[in-house]
Number of protein chains: 2
Amino acid sequence: MSDQNQEQNFKDEEELKGLRNEIDRLDTEILNLISQRAQCAMRVAEVKLAADPENAVFYRPEREAQVLNRIMERNPGPLGNEDMARLFREIMSACLALEKPLEVAYLGPEGTFTQQAAKKHFGQWVKSKPMPAIDEVFREVEAGAVQYGVVPIENSTEGVVNHTLDTFISSNIHICGEVELRIHQHLMTGPNTRRDKITRIYSHQQSLAQCRKWLDAHMPQAERIAVNSNAEAARRVQGEWNSAAIAGELASELYGLEIVETKIEDNPDNSTRFLIIGREEVGASGGDKTSLVVSMRNEPGALYNLLKPFKDFGVDMTRLESRPSPSGNWTYVFFIDFVGHIDEKNVQDALAAIKETAVEVKVLGSYPKGVL
Amino acid sequence: MSDQNQEQNFKDEEELKGLRNEIDRLDTEILNLISQRAQCAMRVAEVKLAADPENAVFYRPEREAQVLNRIMERNPGPLGNEDMARLFREIMSACLALEKPLEVAYLGPEGTFTQQAAKKHFGQWVKSKPMPAIDEVFREVEAGAVQYGVVPIENSTEGVVNHTLDTFISSNIHICGEVELRIHQHLMTGPNTRRDKITRIYSHQQSLAQCRKWLDAHMPQAERIAVNSNAEAARRVQGEWNSAAIAGELASELYGLEIVETKIEDNPDNSTRFLIIGREEVGASGGDKTSLVVSMRNEPGALYNLLKPFKDFGVDMTRLESRPSPSGNWTYVFFIDFVGHIDEKNVQDALAAIKETAVEVKVLGSYPKGVL
């Protein structure tokens with residue numbers, strides 16, 4: 001090694017040592033600040049408990065959304081906003097668990113994605129409890145056995161969505177928040193299958209549809225077989241030669257399959273939306289959405305009458321779904337999402353106008369827009 | 001509401017407002033410090049890359065263990081040491097991912113526990129890749145396709161352990177760390193089964209054995225049926241009436257079963273140990289363990305000769321497993337774990353003494369003791 005190299009090595013070593021000392025110093029400060037934060041959180045809980053021992057609420061969705069939005073606004077980098085918000089989510093989750101770990105029910109069977117959504121929203125410290133059906137998630141929340149529930153609302157399997165919507169109609173539960181998960185589809189095979197030997201591809205019909213263009217371009221010869229769920233597809237492929245499944249990462253992990261091509265969905269923004277449900281209404285966070293169910297008689301001009309107030313009062317609608325009413329008799333039910341909180345003046349004005357023509361208006365909840 | 005109550009309410013509101021402002025102030029400081037920490041971590045990576053563009057190593061297990069141990073020593077509370085260490089694990093995980101996300105292979109199929117161990121050890125930012133078999137995890141690491149691998153070493157299913165041990169004998173891979181997961185067994189049923197109607201209980205033989213006393217006391221009438229894995233047991237119970245499975249929480253989540261009795265294992269410290277494997281040797285962290293494989297001829301006094309040097313040089317053995325050598329011919333292979341790093345004098349003296357009587361001594365690795 002040359003003298004010059006040695007000198008450079010020495011300099012590098014010195015700099016690395018300095019950087020490590022600096023990191024240690026920063027860590028000590030971070031440690032103390034997180035501890036102070038936890039102290040404050042405990043004191044908040046004490047004050048709330050003393051004021052109302054029976055009904056003290058420790059987790060406030062609007063406050064949490066504000067904290068995360070503030071963090072993302074002020075984040076100087078180099079960590080990305082989403083990474084930084086994830087870290088703060090965990091810090092808040094740990095502080096909250098000090099007082100009383102949050103318990104959350106979620107749709108279990110096909111839904112390891114729903115559990116993923118619960119963890120994404122509440123952090124790793126949450127206690128999550130799987131339920132076999134959507135209405136049981138609702139019942140668990142209504143009965144007070146858990147504080148919150150997590151259910152899918154816009155999913156690639158259409159049936160799930162309707163079931164969640166129907167359950168809202170007959171329930172007194174509020175929507176307290178929303179989570180989005182970006183969901184990617186991968187092509188995966190067992191260990192004995194070579195990519196160029198794939199003759200059959202299994203997946204849920206919806207997933208096959210979502211990857212149609214890619215399949216047409218890259219696997220035109222392979223037979224496409226629709227099965228009940230992507231997990232089912234992955235399980236089948238485990239034992240078959242020359243077969244592949246289209247499914248999410250979790251399924252490849254669960255069934256030990258190898259991902260041979262990632263992100264083959266035609267629309268790269270493929271995502272699933274979940275709702276957080278709870279017993280309490282949520283205050284305004286400053287960046288909120290509201291969900292409504294409106295029943296309208298099936299008569300000329302009904303939809304126009306429904307939509308006009310939104311335009312008149314400058315309320316920005318983000319989603320509209322119509323369904324025949326479960327009670328029959330020629331009424332229609334509309335599920336509507338719009339930007340704004342029920343406390344805001346223009347929202348109240350729009351709702352008052354809708355109530356003039358609607359058979360029934362039910363506010364499912366105002367809640368902070370999904371942060372992550 | 002009385003005047004006194006109103007006054008108290010007002011005081012509470014004021015205090016809560018003050019606490020929230022204090023939390024916001026602390027969050028801003030934490031945000032800036034984490035960002036500075038990320039800057040330092042990026043600079044460390046730059047220096048390392050400039051010095052050795054080909055072989056720069058960003059993740060140092062001994063350094064990470066030191067950081068976490070230091071945090072736990074200095075933790076003033078109220079957050080527990082383990083909670084605080086988990087938060088710092090995530091902070092380090094996010095900082096490391098800035099430069100280059102760590103890629104880790106792990107044993108896939110039955111092992112969602114192994115993935116859990118990988119996340120526990122490397123944090124949520126790690127990219128984990130499931131492999132269908134233990135030797136494929138080794139191969140993936142040897143080939144450099146991933147930086148580290150995670151394999152179970154002491155598991156309730158005995159076969160797995162032996163397979164991991166055997167793979168070490170024929171490999172040049174080093175042990176870089178260890179993780180322990182506390183694993184609880186729960187009794188779970190499908191939605192249609194009442195607890196007092198359970199007539200059959202499925203589980204892996206080892207799990208049935210681990211819960212024998214509880215079963216004798218609480219379910220003496222139920223038939224116990226051993227199946228291939230706890231996951232298999234959970235899957236069967238899904239479709240059967242009057243049946244229950246004994247399995248971990250993950251299985252209940254995966255198959256949408258309801259846990260009717262938690263933690264029924266007779267020994268509440270039931271845990272599984274995993275090893276982190278990699279290509280590089282790990283420096284001393286100050287709290288290390290070393291794993292060895294020693295082959296001894298099967299002759300009188302062999303075991304005594306093997307154990308004496310540990311006693312003579314004050315080396316604390318924590319585990320000893322003996323197995324017939326895969327090469328046959330009347331030799332035995334011993335797997336030994338002890339406290340200390342290969343760099344320490346007494347460890348070197350003990351090894352030198354063992355080498356005098358052993359057929360072969362292979363150091364599998366010195367690595368930091370599991371922190372969490």
Side-chain angles (χ1 to χ4, degrees), chain A residues 8-9 12 15-16 19-20 22-24 26-44 47-48 50-51 63 67 70-71 74-79 83-84 86-88 90-91 94-95 97-98 108-109 112 115 124-125 130-133 191 252-256, chain B residues 8-9 12 15-16 19-20 22-24 26-44 47-48 50-51 63 67 70-71 74-79 83-84 86-88 90-91 94-95 97-98 108-109 112 115 124 128 130-132 191 252-256 258:
Chain A
Q8 184 59 42
N9 268 358
D12 286 352
E15 182 173 4
L16 287 175
L19 286 165
R20 284 193 199 104
E22 177 66 4
I23 288 176
D24 285 347
L26 290 167
D27 281 348
T28 305
E29 279 194 63
I30 296 168
L31 169 68
N32 290 326
L33 290 166
I34 292 177
S35 301
Q36 285 174 43
R37 191 195 199 285
Q39 290 280 12
C40 285
M42 281 182 81
R43 180 68 199 140
V44 168
V47 174
K48 285 182 176 175
R63 165 79 183 148
V67 170
R70 207 175 144 276
I71 291 295
R74 299 185 177 206
N75 178 23
L79 283 170
D83 289 335
M84 194 55 97
R86 273 174 75 187
L87 285 178
F88 271 85
E90 297 303 339
I91 292 172
C95 288
L98 255 187
T112 32
Q115 195 204 7
Q124 303 293 319
W125 271 261
M131 294 286 131
S252 82
E253 294 181 2
L254 246 48
Y255 297 101
Chain B
Q8 184 59 43
N9 267 358
D12 285 353
E15 182 173 4
L16 287 176
L19 285 166
R20 283 194 198 103
E22 176 65 5
I23 288 177
D24 284 348
L26 289 167
D27 281 349
T28 306
E29 279 194 62
I30 296 169
L31 169 68
N32 290 327
L33 290 166
I34 292 177
S35 300
Q36 285 175 42
R37 193 197 197 284
Q39 290 281 11
C40 285
M42 281 182 79
R43 180 68 198 140
V44 167
V47 174
K48 284 182 177 176
R63 164 80 183 147
V67 169
R70 207 175 145 275
I71 291 296
R74 300 187 176 205
N75 179 23
L79 283 171
D83 290 336
M84 193 55 98
R86 273 174 76 187
L87 286 177
F88 272 86
E90 297 304 339
I91 292 172
C95 288
L98 255 187
T112 33
Q115 195 203 5
Q124 304 292 319
S128 63
M131 294 286 131
S252 82
E253 295 181 1
L254 244 49
Y255 296 101
E258 194 177 345

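Everything numeric here is computed off the predicted structure, so don't read it as measured data. All values below were derived from every heavy atom in this structure, side-chain atoms included, with hydrogens, water molecules and symmetry-related copies excluded.
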If you count heavy-atom pairs under 4.5 Å with chain A, which of [options] comes out on top?
options	value
B:R43, B:M42, B:Q36	B:R43
B:S128, B:C40, B:P78, B:C95	B:P78
B:V47, B:L31, B:T28, B:I91	B:L31

Applying salt bridge (Lys or Arg N to Asp or Glu O under 4.0 Å), name anything that partners B:D24, two or more places apart in sequence or on another chain.
-> A:R63
Check each atom of [X] against the heavy atoms of chain B and say whether the ones under 4.5 Å are side chain, backbone, both or neither.
X	value
A:L33	both
A:R37	both
A:V44	both
A:I34	both

Taking A:E22, A:Q124, A:E90 one by one, which has the highest count of heavy-atom pairs under 4.5 Å against chain B?
-> A:Q124
Side chain, backbone, both or neither: which part of [X] has a non-hydrogen atom closer than 4.5 Å to chain A?
X	result
B:I30	both
B:R74	both
B:Q8	neither
B:E258	neither

Does A:N32 have any side-chain hydrogen bond (donor to acceptor under 3.5 Å, both in side chains) partners at least two apart in sequence or in another chain, and if so, which?
-> none
Between B:L87 and B:L79, is a side chain to side chain contact (heavy atoms under 4.5 Å, CB included) present by the stated rule, with each step listed?
-> CA-CA 10 Å; B:L87 286 177; B:L79 283 171; 4.2 Å; yes
